Protein chains: 2
Amino acid sequence: MAASTLTEVARLAGVSPATASRVLNGSARKPGKDIADRVRQAADSLGYIPNAQAQGLAKSSSGLIGLIVHDIADPYFAAIARGVQEAAREQRKMVLLATTGGAPAEEKEAVAAFAARRADSIVIAGSRSSRTEDQEDNAELAAELDRYCRNGGRVAVVGHPVVGASAQDGYHVVAVPNQELAGALAAKLAAHWGGDFVIIGGPEGLLTSDDRIHGFQEGLAKAGRAPAEILRSSFNRAGGYEAGLKLAARIKGGSTGTGEPAGPKMCIFAVNDVMAIGAAAALRAEGLRIPRDAAIAGFDDIETLRDFRPALSTVSLPLEEIGRLATRATAPLAGDGDSAPQPITGEVTLRRSTEAA
Amino acid sequence: MAASTLTEVARLAGVSPATASRVLNGSARKPGKDIADRVRQAADSLGYIPNAQAQGLAKSSSGLIGLIVHDIADPYFAAIARGVQEAAREQRKMVLLATTGGAPAEEKEAVAAFAARRADSIVIAGSRSSRTEDQEDNAELAAELDRYCRNGGRVAVVGHPVVGASAQDGYHVVAVPNQELAGALAAKLAAHWGGDFVIIGGPEGLLTSDDRIHGFQEGLAKAGRAPAEILRSSFNRAGGYEAGLKLAARIKGGSTGTGEPAGPKMCIFAVNDVMAIGAAAALRAEGLRIPRDAAIAGFDDIETLRDFRPALSTVSLPLEEIGRLATRATAPLAGDGDSAPQPITGEVTLRRSTEAA
DNA sequence: CTGTTAGCGCCTTCAC
DNA sequence: GTGAAGGCGCTAACAG
């Protein structure tokens, strides 16, 4: 038993499909009150649900917003997703989710899939990559996006523009001041800490990571400090843990684990909170304590991690708001014209994890 | 400039739309190798992307899986969502996301929206409510689901069946042994702790919460212990915090904050990890320490919270797997017939937060 | 204000 | 193996 159709409703109400359509779905023309009631009643009694696919086909617009993230279980993306979801609801649209693990090739697939579904707009939340190995895929992604935009699609990218994308119409970038904020973090940390800094970064070429690293180094330089050493690992907790293990060994120096660490004390900057937590876990596992044996700071101010102790120094980012703004930027009404890019602001938040011992 | 259509591709390749369709999308009939290549090339050069809406209309199936959660930023749901996403990818489907805040009325809307989009299946991940105030909405939700199933839709619910839903075909429940596991947790805790127990639960009528409470009390009873007092608050961190504050006051008793708490020491069971973390934060804010001044346990074993210290005793649930299984249960191939319900198993995981002082 | 007529883009029997 | 025709359910122009 298939779902009932508009035609059936119309027949039952004794009117034409067109009229039924007019009353059931908003139209400029308003059918007579009496007939409208009859139609509504018929629809109701049949449990009529309009076929969005057919509507979309006819109107060539689907009421769908495509969201691309690396991993929906990562709290960073989950927070953004919440914002997107909210904004989507405001627009009475639904969100289609795609997770790509950050691979440009997958992202391209996702864009194509969204295009196939005639999504009204696409929000890309993952960090961009500029690695040479991704060059080709990036180009394809850019091409796919351009085509999507040319066909009237609207896209918003969080963070960096897609490398090589050239579309002008309907292409928005929600800029996140990663570099400035990382610089500000470095400045504040440098004011309280006189020793060495070490950066735990993501793979080279991950733009978000690179920006934060670069900004941090800049901040250090401005404070008259030597550049920090950079450890690279994967952009997640495991990566942070791995790097943390290396640093722990160094901090412990020749010490056998009892008594004071023999190596240098340091201030660690992990380019995101999740990595910072991983690093902290590694240090702890190695018997080191924070901030006594090492200070550590992250980036993002992930909500779920705020109860972590010692409280993590970090840079607060309005993740949910970012998701909302990105989504709104793709709304046909607002965010049109080349209005100024959305002014995302963050805030350096120093907490216990970097308190001078 | 609209996206190019199958007809255009066919024309460019000098074949009929039917043929083009056959080569571009799998069909029983295989067109000649030469003509196939020509079509593919034409499609390629036009950047052809099939219109999923039209395909869906014609085939009356959309390749969409609807996912309903309370809040995608809640790590519990985020983890399930990841599993759903994975399984969806296996099925070459995309997931449509709806967040409802747990309100049955919103859930009903979401189901209707999914039905409108002709989603092939729906996964409902939120906890069910049996509160009288929700009765009416629940009934409507059940009706909507029934209709959806009757029209060939498949649904899987995590945890409890939707109250009042009667559909048989295509209606699956992924049962989570909340009660048993809570009982097992109580048993283990009772073995190590001789004092009082207190439960921080969600609002009465939230089935998941109620089950866990009930199971815990049962476990206590079997261990020959008195039933625990139950504090009710909202099913999230804030609720846990609020309850934690109350308990903190009690634990501190008349003490002025210096020296040992004057009140009773207790073992707190929060019905989920997020609430447990909230409660722990409250205790800490009140100057209490865990497990010295109070033991605390949660439920779910949320990944992001595993680095929390003192490590939280909890019940591990294979959240991602749950999402996967629920999704697979709705696949047309497997999970059909009244195969035995999926055997979700959890595990009591005692950690530092409940170590006897 | 209402009904009629065309499609939206694709798939799927059918003939050839 | 290939093409032609009809229809999926709905909306948007037109007539009336």
Side-chain angles (χ1 to χ4, degrees), chain A residues 1-40 42-43 46-64 112 115-120 151-152, chain B residues 1-40 42-43 46-64 112 115-120 151-152:
Chain A
M1 178 204 276
S4 48
T5 74
L6 221 201
T7 313
E8 292 172 8
V9 174
R11 195 181 318 150
L12 203 167
V15 299
S16 80
T19 304
S21 168
R22 292 195 265 256
V23 10
L24 260 17
N25 311 310
S27 168
R29 280 116 115 107
K30 304 234 165 187
K33 178 84 175 118
D34 49 342
I35 217 137
D37 285 343
R38 232 180 23 206
V39 171
R40 251 182 284 272
L46 286 182
Y48 169 73
I49 295 182
N51 185 326
Q53 310 230 64
Q55 285 184 154
L57 222 207
K59 297 195 295 199
S60 73
S61 114
S62 60
L64 255 27
R117 300 225 133 81
R118 296 301 182 264
D120 298 333
N151 291 335
Chain B
M1 180 203 276
S4 47
T5 75
L6 184 63
T7 312
E8 292 172 8
V9 173
R11 195 182 315 151
L12 203 166
V15 299
S16 79
T19 304
S21 169
R22 293 196 262 257
V23 12
L24 260 17
N25 313 309
S27 170
R29 280 117 117 103
K30 303 237 167 187
K33 179 82 175 122
D34 48 342
I35 218 138
D37 285 343
R38 233 177 24 202
V39 171
R40 250 184 283 273
L46 286 182
Y48 169 73
I49 296 182
N51 185 326
Q53 310 231 63
Q55 285 183 154
L57 222 208
K59 299 195 294 199
S60 75
S61 116
S62 60
L64 256 27
R117 300 227 131 79
R118 296 301 183 266
D120 298 332
N151 290 335

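First the proteins, then the strands, lettered A, B, ... as listed; each starts at 1. The figures that follow rest on heavy atoms only: side chains count, while hydrogens, waters and symmetry mates do not. Predicted model, so just to flag it, every value in this text is computed and none were measured.
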Figure out the [atom1]/[atom2] separation between [X] and [N], and round it to whole Å.
| X | N | atom1 | atom2 | result |
| --- | --- | --- | --- | --- |
| A:Arg117 | C:dC10 | CZ | C1' | 14 Å |
| B:Leu6 | C:dC11 | CG | P | 6 Å |
| A:Arg11 | D:dC10 | CZ | C1' | 15 Å |
| A:Arg38 | C:dC1 | CZ | C1' | 13 Å |
| A:Lys33 | C:dT2 | NZ | P | 13 Å |
| A:Leu46 | D:dG9 | CG | P | 14 Å |
| B:Gln53 | C:dG7 | CD | C1' | 16 Å |

*asked:* To check you understand the geometry: which heavy-atom pair defines the closest contact between A:Leu6 and A:Ser21, and what is its length?
replied: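 Nearest heavy atoms, A:Leu6 then A:Ser21: CD1-CB, 3.6 Å.
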Partner residues of [X] under the side chain to side chain contact (heavy atoms under 4.5 Å, CB included) criterion, sequence neighbours left out:
| X | result |
| --- | --- |
| B:Ala36 | B:Val23, B:Arg40 |
| B:Ala112 | B:Glu144 |
| B:Arg11 | B:Thr7 |
| A:Ile35 | A:Val15, A:Thr19, A:Pro31, A:Arg38 |

*asked:* If we ignore hydrogens and angles and just use 3.5 Å, is the side chain of B:Asp120 paired with the main-chain N or O of B:Ser61 as donor and acceptor?
replied: no
*Spell out, as yes or no, whether a donor-acceptor pair under 3.5 Å connects the side chain of B:Arg117 to the backbone of A:Ser62.*
yes
List the atom pairs, with distances to 0.1 Å, where a side-chain N or O of residues 48-55 of chain B and a protein N or O form a donor-acceptor pair under 3.5 Å, not counting sequence neighbours.
{"unit_1": "B:Asn51", "atom_1": "OD1", "unit_2": "B:Gln53", "atom_2": "N", "d": "2.8"}
{"unit_1": "B:Asn51", "atom_1": "OD1", "unit_2": "B:Ala54", "atom_2": "N", "d": "3.1"}

_Under-4.0 Å side-chain N/O to phosphate OP1/OP2 contact, A:Gln55 with D:dT11_ =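 For D:dT11, OP1 or OP2 has a side-chain N or O of A:Gln55 closer than 4.0 Å.
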_Of B:Asp34 and B:Arg118, the one whose closest DNA chain D nucleotide lies more 5'_ =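 Closer to the 5' end of DNA chain D: B:Asp34.
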*Would you work out how much the helix from C:dC1-D:dG16 to C:dC16-D:dG1 bends between its ends, with each end axis defined by five base pairs, to 10 degrees?*
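The two end axes of the helix from C:dC1-D:dG16 to C:dC16-D:dG1 meet at 40°.
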*Among C:dC10, D:dC10, C:dT2, which is the nearest nucleotide to the side chain of A:Thr19?*
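Closest nucleotide to the A:Thr19 side chain: C:dT2.
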*D:dG3, C:dT12, D:dC10: which one has an atom nearest the side-chain heavy atoms of A:Asn25?*
D:dC10
Provide a list of protein-nucleic acid N or O atom pairs under 3.5 angstrom, restricted to nucleotides 4-8 of chain D.
{"unit_1": "D:dC8", "atom_1": "O2", "unit_2": "B:Ala58", "atom_2": "N", "d": "3.4"}

*With rounding to the nearest 0.5 Å, note down the distance linking OG in B:Ser60 to CG in B:Asn151.*
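So the gap between those two atoms works out to 10.5 Å.
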